[in-house]
Each structure stands twice: as C-alpha cells, then as structure tokens.
Number of protein chains: 4
Amino acid sequence: MNNRSIKTFVMCPRSKEQYKEIRKIKQDLISKTALELFAENGFHHTTINSIAQKTGISNGLLYNYFESKEDLLKKIVSKGINEIITSFDNNKNDILTKDEFIHYIKENFNIIKNNLKFWKLYIAIIIQPPVLKIVKNEILNFSAPGLKKLENYFTAQGVKNPVAETKLFSSIMDGVQINYVIDSENFPLEDVINLIILKFCC
Amino acid sequence: MNNRSIKTFVMCPRSKEQYKEIRKIKQDLISKTALELFAENGFHHTTINSIAQKTGISNGLLYNYFESKEDLLKKIVSKGINEIITSFDNNKNDILTKDEFIHYIKENFNIIKNNLKFWKLYIAIIIQPPVLKIVKNEILNFSAPGLKKLENYFTAQGVKNPVAETKLFSSIMDGVQINYVIDSENFPLEDVINLIILKFCC
Amino acid sequence: MNNRSIKTFVMCPRSKEQYKEIRKIKQDLISKTALELFAENGFHHTTINSIAQKTGISNGLLYNYFESKEDLLKKIVSKGINEIITSFDNNKNDILTKDEFIHYIKENFNIIKNNLKFWKLYIAIIIQPPVLKIVKNEILNFSAPGLKKLENYFTAQGVKNPVAETKLFSSIMDGVQINYVIDSENFPLEDVINLIILKFCC
Amino acid sequence: MNNRSIKTFVMCPRSKEQYKEIRKIKQDLISKTALELFAENGFHHTTINSIAQKTGISNGLLYNYFESKEDLLKKIVSKGINEIITSFDNNKNDILTKDEFIHYIKENFNIIKNNLKFWKLYIAIIIQPPVLKIVKNEILNFSAPGLKKLENYFTAQGVKNPVAETKLFSSIMDGVQINYVIDSENFPLEDVINLIILKFCC
DNA sequence: AATGAATGAGCTTTCATTCAT
DNA sequence: GATGAATGAAAGCTCATTCAT
C-alpha cells in the first residue's frame with residue numbers, strides 16, 4: 001500500500017477546475033520556454049523536442065496544447081501583442097495631447113524593456129517573409145489603430161506631411177527598438193528617447 | 001558517340017584564363033539566383049535543389065563552387081557588402097561637411113533602392129541570431145568605420161550628445177530601410193528622406 | 001465539496017447486480033460507437049479518443065472495459081457474429097428442404113440489411129490480412145457449420161460437384177453482400193435475390 | 001589511382017537515356033516491393049522504411065520517385081489497372097457473342113491468377129473506405145465500360161432483368177475472386193468457373 | 001468507476017550533402 | 001567541369017496506452 005492509498009480511500013478524478021488550471025499552467029510554461037528558444041535560436045533552429053525537453057515535458061504533450069509548431073508561434077505572438085494592446089488601451093479615441101504623445105513614446109519603450117525576449121522574437125518575425133505570413137493577421141490588427149492615432153496627432157499638430165511624418169516616426173520606433181533589442185547593454189536608450197522627443201515635439 | 005562528345009572533341013582546349021572566367025560567371029549566376037530566393041523565401045525555406053534548378057545547373061555542381069549552403073550565404077553577404085563599401089569609399093578621412101552628410105543620406109538610400117533584394121536578405125540576416133553568427137564579422141567590419149565617421153560629424157557640428165545622436169541616426173536609417181524594404185511600393189521614401197534631413201541638419 | 005461529491009454521498013451504494021448492469025450498458029455503448037466509426041473510417045483511421053469522445057466518456061475509462069483497441073475490435077466482431085448465429089440457430093441438424101434453403105438465402109440478406117454497419121466492418125476485416133488475424137478464430141468458428149450445412153443440402157439435391165457448388169454459392173453470397181454493403185442504395189437487392197434463387201433452386 | 005580512374009580519364013556524367021533507365025528500373029522495383037508488402041500486410045501496416053529496406057534503397061530515395069506513401073499506392077493501383085485494361089482491350093464495341101462472353105469470364109480469372117498479389121491489394125483497397133478514396137477515380141474509370149458491355153450482352157441475350165443480371169454477375173465475379181484470392185490453394189477455381197458458365201450461358 | 005494529462009515509440013517526410021559516372 | 005541518383009540524419013507529428021488523482 002503506497003502513500004497515495006493511505007491519503008484517500010476512494011480515488012476521485014480531479015475536478016474540471018483543477019484540470020483547467022493544470023492546462024493553463026502547462027500551456028504558459030510551454031509558451032514561455034518556446035518564446036525564449038525562438039528568440040535565442042530562431043524559429044527554424046528551435047525543435048519541438050528542444051522545447052519539450054527544456055519545459056520538462058514529453059514532445060507529445062505539446063500537441064495536446066498546440067496544434068502545431070506554427071500554431072505555437074502564432075499563439076505566442078498573439079498573446080504578447082494582446083498584453084501590449086491591453087496595457088496601452090486608454091479607452092478614449094480623442095486625439096493625443098503633446099503630453100500624451102510623450103507618454104506614449106516612453107511607455108512604448110518601457111514595454112520593450114520589460115519584454116525584451118518577446119520583442120527579439122517579434123522583430124525576427126516581422127522581418128522574415130515566410131514566418132511573417134504565419135502571424136501577419138495578428139500583427140496587422142495590432143499595429144493599424146496605433147498608426148492611425150499617430151497620423152491624427154501629427155495632423156492636429158499642423159505637420160506639413162502627416163503621412164510621411166507617421167512613417168518616419170514609426171520607422172524610428174522600429175529602428176531604435178531593433179538596435180536596442182539586438183544589443184541592449186550598449187544602447188543609451190534614455191538619451192535616445194529624449195532625442196526623439198526633442199525632434200518630434202518642438 | 002553523342003552530340004556532347006562530338007562538341008567536346010571539336011572544341012579547342014580552353015586556356016586557364018577562360019576556365020577561370022567561366023567559373024566566375026557561373027559563380028555569380030548561382031549567387032544572384034540564391035540571393036533572390038533567400039530574399040523571397042528566407043534562408044531555410046530555400047533548398048539547394050531550387051537554387052540549382054533556377055540557375056539551370058545540377059545540384060551537385062553547386063558544391064563545386066560553394067562549400068555549403070552556409071558558405072553560399074556568407075559569400076553573398078560578403079560580396080554585397082564589399083560592393084557597397086567600394087561605392088562609398090571616397091578615400092579621405094576628413095570630417096564630413098553638411099553637404100556631404102546630406103549626400104551620404106541620399107546615397108545610402110540610393111544604394112538600397114538599387115539592391116532591394118540584397119537588403120531584404122541583409123536585414124533578414126542581421127536579425128536572425130543563428131544566421132547572424134555566420135556573417136557577423138563581415139558585417140561588423142563593414143559598418144564600424146561609417147559609424148565612427150558619423151560620430152565625428154555630429155561632434156564637429158556641436159551636438160550635445162554625439163554618441164546618442166549617432167545611435168539614433170543609425171537606428172533611423174535602419175528603421176526606414178526596413179520599412180522601405182518590407183513594403184517599398186507604399187513607402188514615401190523621398191518625403192521621409194527630406195524629413196530626416198530636416199530633423200538632422202538644422 | 002463539489003456537486004459530484006454531494007451526489008455520491010447521498011446515493012445509496014449500488015448492488016453487485018446494478019454495477020454489472022451499468023458495466024454491460026456502457027460496454028455496449030462503446031461497442032456500438034466504435035462499430036460505427038470503424039465501419040465509417042476504417043480501423044486505423046479511428047482513434048481511441050474519437051471513440052471515447054463520441055461515446056461521451058474519457059479515453060481512460062475505455063481501458064476499463066476493453067484491454068486494447070484490438071480487443072475492442074475482437075469483441076465487436078465476436079458479438080456481431082454471435083447475434084447472427086443465434087438468430088440462425090434452428091437447433092436441428094437435419095438437411096435443409098428447398099423451402100428452408102430459400103428461407104436461408106432471404107434471411108441471410110435480411111440480417112445484412114438490418115446490420116449494414118456491422119457488415120461493412122465485417123467485410124473490411126475479412127479482407128485485410130493483419131486485421132483478419134485478430135478475429136480469424138471467431139469468424140472461422142462461425143462460418144464453418146453453415147458451409148457444411150450448405151454442402152449437405154447440395155449433395156442431397158443431387159448436384160454433380162457439391163463442393164464447387166457450395167464454394168460458388170458462398171462466394172455469390174459474399175459478392176452480393178459486399179456490393180450491397182458498398183452501395184446499398186443503388187443495388188437492386190430483391191431482384192438479385194430472386195435471380196439467385198432461380199439459378200440455384202431449379 | 002583507383003579502378004575508376006584507369007577506366008576513363010575524363011569523367012562524364014551519364015546520358016539522359018541512362019538516367020531515365022535508372023529511374024524506370026528503380027521505380028518499378030519500388031512499386032513491385034511495395035505491392036507485395038501492401039498485399040501482405042495492408043497499407044497501414046507497411047512502413048516506408050520497410051519498403052525501402054526490402055527494395056535495398058534508402059527511405060529518402062523513395063521520395064525521389066513518389067510524392068508520398070499515398071501517391072505510391074495510387075501509382076501501383078493505376079499501373080495494375082492499366083495493364084489489365086490493355087490486356088482486355090479488343091478494340092471493338094460490338095456486343096459480345098456467347099463465346100466471347102465465356103472467353104471474357106475465363107480471361108478475367110486468368111488475369112487474377114497471374115497477378116494474385118495485385119488483386120489481393122486491389123480487393124483490400126476497394127473494401128476499405130478511407131483507402132478507397134485515394135484511388136476511387138482510377139477504379140471507377142476502369143470498371144465502368146466493362147459493366148456497360150456486360151449489360152448490353154445480357155440485354156441482347158433477352159434476359160428479363162439485365163440490370164439485376166449484370167449486378168449479380170459482377171457480384172459473383174467479385175465474390176469468387178475474393179474467395180480465390182484469400183485462399184487460392186483450397187479454392188476449386190476451374191470447377192467454379194465451369195459452374196458460372198453453366199448458370200449464365202444456358 | 002472515472003478523468004484526462006502525460007508518455008514516447010514510431011511514423012512520414014525533407015533536404016544538405018556525397019559520389020559514381 | 002558536370003550530372004542527378006542516392007544517402008540518412010533529423011524533423012514534426014500521431015496516438016494507443018498508462019497513471020495519478
């Protein structure tokens with residue numbers, strides 16, 4: 001008679017809630033591990049087995065939670081983007097004030113700072129055509145409203161060519177993010193942010 | 001005796017020079033084809049067979065000119081970078097004037113415009129950690145002098161924080177290039193270039 | 001304490017009989033579901049999970065009733081065959097009269113008609129060598145007495161070559177059954193049965 | 001200097017014809033081996049590796065000749081059916097005479113006799129729903145004209161219900177073939193054929 | 001009796017690379 | 001120089017079965 005039998009005489013299956021929790025925990029664990037490996041080694045150089053091994057599960061279990069390797073990537077990106085959307089959502093459609101715009105810039109980089117690995121992956125994805133296809137929709141849905149808001153802001157500020165200004169600004173954000181993500185230790189992020197504010201708010 | 005043998009029999013033996021030239025031509029052909037496929041489909045989604053087929057040679061022959069798939073990538077990137085270094089080399093180490101700086105910006109984008117496919121590949125590469133390792137040295141050797149030159153320019157212009165200014169400027173160049181390369185048709189490059197000049201030269 | 005536990009607490013302990021009956025019901029339910037899926041999709045394309053899901057139980061529970069997937073198949077075939085034997089069993093070993101023979105033919109097809117799914121599976125099984133091995137014994141035990149009875153009948157009727165006649169007759173039954181099972185809607189079963197009777201009873 | 005170098009000083013690739021022949025031979029070899037294994041063990045119990053091993057090639061090479069395991073099956077069935085069609089094709093659309101009908105029956109079984117393995121596979125296929133889907137079209141195109149010819153024959157012979165007669169006859173052919181294929185050694189084929197002729201030609 | 005998470009062997013398929021010709 | 005048949009390691013994925021609860 002083993003420990004288990006002593007504990008409970010009649011064995012009962014776990015409740016629906018317990019199973020749900022187990023699933024949630026494992027799913028998050030796999031996502032987290034996969035994100036790290038994808039960001040570190042790239043999507044194609046990361047094998048399902050390596051994800052399973054690092055997570056401490058069997059490779060089969062992964063397919064209990066994700067339909068395929070691509071689905072795993074999709075879900076990771078979706079989740080990451082959703083978190084950002086949520087943190088950004090100030091539920092008002094008014095045009096930004098200058099202070100809000102500055103706050104927007106700073107907040108943007110704060111998020112990057114706090115999710116460096118995710119952004120490494122995100123950038124790697126948007127640049128790789130075949131991988132991009134997999135998550136294109138998720139990304140478009142995410143970035144479109146922000147870009148519109150920016151354009152409205154620049155228009156309201158009386159900028160000559162708001163479309164170009166928006167493209168430049170978002171390109172700058174991309175470029176700075178990429179360079180920061182690639183080598184965050186040697187990148188003077190604060191100084192660069194202040195320079196951006198200087199160049200776009202005066 | 002088939003046609004091929006007849007042809008071989010009739011033809012004069014080629015000189016060393018001729019052989020070398022033929023090698024060069026074929027090598028360039030393979031490089032060009034591979035670059036297109038890499039840029040279009042990504043490194044991993046491009047097979048050696050597809051390169052061989054598009055080039056019109058056998059896959060075996062490819063290994064007569066390149067040691068491996070990675071070697072092919074390395075050589076393509078090296079070659080592309082060298083071409084750019086050459087076209088940039090104004091063989092003087094003086095500090096740039098404002099006009100030269102403006103010319104530098106414009107020239108930079110001209111090169112991108114004329115080698116869109118290469119830059120698509122280049123950007124895809126610098127972002128992917130494991131692929132980057134393969135060509136890291138080539139890239140570093142290429143970009144370092146340019147960055148120093150920029151920093152010297154900003155210092156001479158009396159900019160407050162030349163290091164941050166350089167980082168921002170090169171980040172902008174990266175960001176704009178990426179966005180232009182990703183969707184060149186919808187990117188108002190001229191307008192954006194003028195905006196950059198406006199923001200960095202006044 | 002969740003709903004389930006409350007229920008368990010309030011309910012009286014079931015008698016041995018009740019438990020046995022519950023087992024029987026559940027076992028039949030699983031068998032029936034599996035039969036349908038096997039017949040529809042084939043043995044290998046039917047997963048244990050799909051059977052469990054369609055039955056409305058957990059996959060683990062299935063192994064409480066059947067030792068393995070193969071055992072499940074075996075039990076289904078056994079059961080189906082036994083039902084037929086029972087329905088055929090006229091518990092007399094006398095030689096068939098002509099009327100009884102005609103009744104035998106008609107009854108045979110009636111059974112098929114009423115168990116179309118089972119026969120679809122049955123036919124699929126007898127034809128597939130490795131699956132056949134699993135249920136070979138059950139099938140042989142079932143068909144042998146019937147074949148002997150047929151041979152005796154033909155012998156009694158004064159047929160020249162009763163062995164060949166029996167083989168042909170049982171082959172016909174198989175062939176007609178297969179073609180009926182494959183596409184029952186477009187098969188003129190009644191007409192064909194009458195033709196068989198015509199060709200074998202005159 | 002090895003044997004090869006002694007033989008020919010300048011190494012030449014094989015001619016297109018040689019390559020084509022190599023392909024043809026290997027393809028046939030793989031088909032033949034796969035047919036045997038499919039017939040013996042069933043489609044699902046036959047692994048690509050076992051086919052490769054028995055053929056004496058690497059598993060990868062198989063994919064040089066066949067797109068997939070399903071494609072291999074399809075090609076085997078197509079080829080087998082085509083051979084039969086060819087051997088049957090008497091390039092006249094006239095209605096069969098009684099002698100030709102008898103010859104048709106005998107010829108049919110001759111073909112089965114000479115391709116026992118293929119027919120084992122063929123029968124296993126037509127009975128298994130999911131495998132059938134893969135080769136349905138090939139089979140339909142093959143059997144339709146023969147059935148029409150039969151119906152015309154029976155109509156011309158003044159049979160009461162030619163549709164039912166055709167269905168019965170083809171069912172008999174199927175049934176006999178199946179029983180013969182399953183256990184050819186104990187099946188009195190000649191006697192059974194004569195019985196069929198007796199029952200359908202008088 | 002009942003649950004469903006977890007396992008892992010085994011499958012099909014891909015593709016950079018080699019090598020006889 | 002040139003060919004393409006051939007290799008085989010390694011990948012993603014499936015699913016019958018087990019087991020803690």
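It should be emphasised that the depicted structure is a prediction, and the values quoted were computed from it without experimental measurement. Convention: sequence-line order gives letters A, B, ...; per-chain numbering from 1.
- Taking 4.0 angstrom as the limit, Arg14(A) places none of its side-chain polar atoms (N or O) nearer than this to OP1 or OP2 of dA20(F).
- When each of dT12(E), dC15(F), dA2(F) is scored by its nearest atom to the side-chain atoms of Lys69(D), the top-ranked nucleotide is dT12(E).
- Considering only heavy atoms from C-beta on, Ile25(D) comes within 4.5 Å of Glu21(D) through its side chain.
- Comparing atom distances between the Ser58(B) side chain and each of dA5(E), dA5(F), dG4(F) picks out dG4(F) as nearest.
- Put simply, the side chain of Tyr19(A) and the base of dT3(E) share a donor and an acceptor less than 3.5 Å apart.
- Atoms CD (Glu21(A)) and P (dG4(E)) sit 16 Å apart, rounded to a whole Å.
- A donor-acceptor contact shorter than 3.5 Å is absent between the side chain of Lys79(B) and the backbone of Asp28(B).
- For Lys26(C), a side-chain nitrogen or oxygen approaches OP1 or OP2 of dA2(E) to under 4.0 Å.
- Distances from the side chain of Leu61(A) to the nucleotides dA5(E), dG4(E), dA2(E) place dA5(E) closest.
- The distance from atom CZ of Phe66(A) to atom C1' of dG12(F) is 16 Å, rounded to the nearest whole Å.
- We find that CG of Asn49(C) is positioned 11 Å from C1' of dT14(F), with the value rounded to whole Å.
- Checking the phosphate oxygens (OP1, OP2) of dG4(F), a side-chain nitrogen or oxygen of Lys16(D) falls inside 4.0 Å.
- Across dG12(F), dT12(E), dT17(F), the shortest atom-to-atom separation from the side chain of Tyr63(A) is found for dG12(F).
- Atom-to-atom, CD1 of Ile51(B) to P of dT14(E) comes out at 18 Å; the value is rounded to the nearest Å.
- No donor-acceptor contact under 3.5 Å links the side chain of Asn59(B) to the base of dT3(F).
- OP1 and OP2 of dA5(F) both lie 4.0 Å or more from every side-chain N or O belonging to Tyr65(D).
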